[in-house]
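Okay, structure first, notes after.
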Amino acid sequence: VSTTTNGERRGVRGFLALARERLLWTALVLGLLAGCGGPYVAPLLPPPHRDEIQAPYEATWRALIRALAKENVPLRTVAKDSGVIASDDFLTPIGVYADCGRLGDALLEGEALVTFTLFVQPNSSRSTELQINAKMRTQAHRKGSSGALKPQPVFQCASTGRWEANLVDSVRWLVRE
């Protein structure tokens, strides 16, 4: 049994009812405040980009390294024996290589941190398989085209496929040289 401020006696049931009522009001207020910004709509994540280069593994590997160097992509891992190349994080404007979704009706704009992992393996003596996995997230963003960029919260982004397609085109062009 508990006593209220004005001296009324309240049992355990009354105390639980009051606690439940306060919790309900708090949840309602927080729900209304969260709804003011509009819901975050995440982009659909595409599958890894897969392609085939009509050139032997050695020629494709050399062309791939040259194409990444021309694009000034910072590399973290280059393992020719296992056919893996991993980039370090690099910045790109949201919308170029990264689709970061939207808040309500407004697209997220700003900068995204992107990283790519490439898997290269011989398919035959005359062709090479290439798989490109992308991982992206917001670095600094804003809702729409006005306002200051904010680092928080961080949103996951999806690849637009442009970087992967451009890289494959560059590799195809370089293996012909």
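The structure presented is a predicted model; accordingly, all values stated were derived computationally and were not measured.
Smallest separation of non-hydrogen atoms from V73 and S87: CG1-CB, 3.7 Å. Shown here for I132 and W163, the closest heavy-atom pair between the two residues is CG2-CZ3, 4.0 Å. Residues A140 and L149 come closest through the heavy atom pair CB-CB, 3.9 Å. Residues M136 and Q156 come closest through the heavy atom pair O-OE1, 3.3 Å. The two residues Q121 and T128 have their closest heavy-atom pair at O-CG2, 3.3 Å. Residue I85 comes nearest to L64 through the heavy atom pair CD1-CD2, 3.8 Å, listed as atom of the first residue, atom of the second, then distance.
Note on I65: it does not cluster hydrophobically with V84, by side-chain heavy-atom contacts below 4.5 Å among ILVMFWY residues. Note: the hydrophobic cluster containing Y97 does not contain L113 (ILVMFWY, side chain heavy atoms under 4.5 Å, direct or indirect links). By the rule that hydrophobic residues join a cluster once side-chain heavy atoms approach within less than 4.5 Å of another member, I53 and F116 end up as members of one cluster. Under a hydrophobic-cluster definition in which Ile, Leu, Val, Met, Phe, Trp and Tyr are linked whenever side-chain heavy atoms come within less than 4.5 Å, directly or via other members, L118 and L174 are assigned to different clusters. V78 and L130 fall within the same hydrophobic cluster, where Ile, Leu, Val, Met, Phe, Trp and Tyr residues are linked whenever their side-chain heavy atoms come under 4.5 Å apart, directly or through other members.
Side-chain atoms of V168 and H49, non-hydrogen and from C-beta on, do get closer than 4.5 Å to each other. Residues V171 and T60 are in side-chain contact: their nearest non-hydrogen atoms beyond the backbone lie under 4.5 Å apart. A heavy-atom distance below 4.5 Å is found between the side chains of K80 and Y57. Using a 4.5 Å heavy-atom threshold, the side chains of Y40 and L108 count as touching. Put simply, the side chain of Q139 does not reach to within 4.5 Å of the side chain of C157, judged on heavy atoms.
Considering CD of Q54 and CG of N123, their distance stands at 8.5 Å, rounded to 0.5 Å. For the atom pair CD of E109 and OG of S146, the computed distance is 9.0 Å after rounding to the nearest 0.5 Å. Interatomic distance, R137 CZ to E111 CD, rounded to the nearest 0.5 Å: 12.5 Å. Between atom CG of residue L167 and atom CZ of residue R172 there is a gap of 10.5 Å, rounded to the nearest 0.5 Å.
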Without placing hydrogens or testing angles, list every side-chain donor-acceptor pair under 3.5 Å for residues 98-106, not counting sequence neighbours.
residue : atom : partner : partner atom : Å
D99     : OD1  : G101    : N            : 3.0
R102    : NE   : G104    : O            : 3.0

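Residue R126 places its CZ atom among 12 or fewer non-hydrogen atoms of other residues, nucleotides or ligands, all under 6.0 Å distant. Around NZ of K135, the count of heavy atoms belonging to other residues, nucleotides or ligands within 6.0 Å does not exceed 12.
Within the structure, salt bridge (Lys or Arg N to Asp or Glu O under 4.0 Å) pairs that include any residue of residues 145-171 do not occur (at least two apart or interchain).
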